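I have placed the structure first, in the form of structure tokens, so that the comments after it can refer back to it.
Throughout, a chain's letter reflects where its sequence line sits, starting with A, and its residues are numbered from 1. Bear in mind the structure is a predicted one, so any value in this text is a computation, not a measurement.
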Number of protein chains: 2
Amino acid sequence: MTEAIQTIDETPLRADAARNRERILAAADEVFSERGADASLEDVAKRAKVGIGTLYRRFPTREALLGALCDERLLALAANSRTRDDVMDPGASLRAFMIELAIHASHYQGLAVQLGTVLKSHTTGCHAGTAEGQRLLQRAQKAKAVAKNVSFDDLLCVITAISLAVEQGGVVKSRVTHLVDLFLGGIRLR
Amino acid sequence: MTEAIQTIDETPLRADAARNRERILAAADEVFSERGADASLEDVAKRAKVGIGTLYRRFPTREALLGALCDERLLALAANSRTRDDVMDPGASLRAFMIELAIHASHYQGLAVQLGTVLKSHTTGCHAGTAEGQRLLQRAQKAKAVAKNVSFDDLLCVITAISLAVEQGGVVKSRVTHLVDLFLGGIRLR
DNA sequence: TATTAAATGGAGCAATCCTCCACTTATATA
DNA sequence: TATATAAGTGGAGGATTGCTCCATTTAATA
């Protein structure tokens with residue numbers, strides 16, 4: 001769980017730097033869990049027992065830090081999704097993916113709004129996540145399970161919305177599922 | 001366009017206070033338009049030529065200020081919607097309302113995220129807006145145009161999402177319409 | 001062991017939020 | 001018209017956070 005996690009990257013880190021990087025990530029996970037994704041970065045540095053300068057050197061922006069934090073979970077999510085190819089039809093696979101991603105995106109309070117930005121940070125996990133989403137969408141469209149005028153951005157928009165609702169309402173998986181299903185099926189009766 | 005705009009309110013304002021209130025609103029509209037809904041409130045006060053204390057006295061929170069700013073437009077939106085009862089069927093009315101609200105919610109950069117909160121500020125316009133939305137939803141459900149397991153919160157969630165997408169993508173009415181229609185019809189083929 | 005490029009930490013400036021309160025002013029009343 | 005007073009005002013100032021910069025320390029290499 002150590003090496004490939006970093007951003008698509010140039011020279012390897014010095015030993016102390018790598019150590020500190022891990023501490024920052026661990027601290028950030030704690031602090032963001034407790035106080036939300038817009039908690040003070042000074043607090044993160046303090047908890048990691050690292051100077052604030054060190055934190056900024058490693059993660060120039062908050063999004064970079066969030067991106068790195070999401071990395072592992074997004075990788076897992078994408079891998080997970082690929083295993084479903086065998087046991088689920090394309091539509092169901094897409095649905096499952098959307099639900100998982102929506103839940104992921106509300107892992108820290110305040111993460112949902114940033115989902116779009118974070119997914120664009122160049123992390124292996126972020127790449128894997130978007131790639132998998134696009135693959136699933138295409139697959140579902142080829143199988144005529146989903147309309148072809150739907151873009152991945154449309155999906156992302158809806159997923160963001162759903163996690164946003166979860167964050168605000170403080171609700172749970174049932175609501176996520178409900179909203180995903182609404183979106184899949186449409187609210188209009190026929 | 002002067003009196004009923006205030007929050008559901010107690011004693012009337014003194015002349016100077018009322019004057020300042022209007023200047024603050026005007027300044028806020030300018031500043032928020034230029035720099036987004038999370039612009040500095042000190043800047044707003046400066047532009048209104050008013051002390052920062054005065055601004056806070058009148059609008060204790062940023063949401064209160066945003067609520068007041070949305071007031072007029074929400075009132076108009078609700079009134080507008082009611083006139084459509086004659087010329088549109090329930091489903092189409094709801095659709096039109098959603099589109100208008102979504103566009104409204106991206107009037108200032110950064111407003112969308114706050115839509116939920118803002119709508120809860122006790123302003124006549126906010127009340128009118130939510131009331132009208134609920135009415136339209138019920139009406140559409142009675143007419144069997146919309147599934148009955150859809151709540152107003154669900155709608156709000158989707159509308160927020162859509163304006164969020166608009167804000168981020170910097171896109172326009174066509175995208176809003178597209179997303180609303182996706183949500184109404186569902187993305188799944190049958 | 002000496003060299004040096006990489007990494008560190010935190011002082012410090014800037015931006016913003018928001019409170020508090022000494023002063024000013026509109027208005028109701030005599 | 002004069003005056004009492006409740007309502008309103010402005011902005012200094014404390015607190016928080018973001019982010020940069022650079023003098024110092026340290027890991028890796030020869």
Test salt bridge (Lys or Arg N to Asp or Glu O under 4.0 Å) applied to B/R73 and B/D29, step by step: CA-CA 12 Å; B/R73 266 176 309 130; B/D29 182 62; 5.5 Å; no
Side-chain donor or acceptor of A/Q141 paired with backbone N/O of A/A147 under 3.5 Å: yes
Is A/E100 reaching over with its side chain to a backbone N or O of A/A78, donor-acceptor style, under 3.5 angstrom? no
How many whole angstroms separate atom [atom1] of [X] from atom [atom2] of [N]?
{"X": "B/Y56", "N": "C/dT16", "atom1": "OH", "atom2": "P", "result": "11 Å"}
{"X": "A/E42", "N": "C/dC13", "atom1": "CD", "atom2": "P", "result": "15 Å"}
{"X": "B/L65", "N": "C/dC18", "atom1": "CG", "atom2": "C1'", "result": "15 Å"}
{"X": "A/I52", "N": "C/dA11", "atom1": "CD1", "atom2": "P", "result": "13 Å"}
{"X": "B/E63", "N": "C/dC17", "atom1": "CD", "atom2": "C1'", "result": "13 Å"}

OP1 or OP2 of C/dA7 under 4.0 Å from side-chain N/O of A/T54: no
Output yes when at least one side-chain N/O atom of B/R14 is less than 4.0 Å from OP1 or OP2 of C/dT27, else no. no
Counting heavy atoms from C-beta on, name the nucleotide in C/dA7, C/dC17, C/dG10 closest to the side chain of B/S40. C/dC17
Regarding the side chain of A/A17, the nearest nucleotide among C/dG10, C/dA7, C/dT19 is C/dA7
Under 6.0 Å from the six-membered ring centre of B/F32 and within 45° of its axis: does the NZ or CZ of B/R47 meet both? no
Does B/R58 reach a base, just sugar-phosphate, or nothing at all? Heavy atoms under 4.0 Å. sugar-phosphate
Is A/D43 touching bases, backbone alone, or none of the nucleic acid, heavy atoms closer than 4.0 Å? nothing
First of B/P60 and B/R19 reached from the 5' end of DNA chain C, by closest nucleotide: B/P60
Between B/R62 and A/G53, who's closer to the 5' end of DNA chain C by nearest nucleotide? A/G53
Joint cluster assignment, A/V113 & A/L115, ILVMFWY side-chain distance < 4.5 Å: no
Assess the side chains of A/T117 and A/E63: does a donor N or O sit below 3.5 Å from an acceptor N or O? no
At a heavy-atom distance below 4.0 Å, which nucleotide of DNA chain D is the first touched by chain A, and which is the last? D/dT17 to D/dA28
Pairing residues for A/D16 by the salt bridge (charged side-chain N to carboxylate O under 4.0 Å, His left out) criterion, not counting sequence neighbours: A/R14
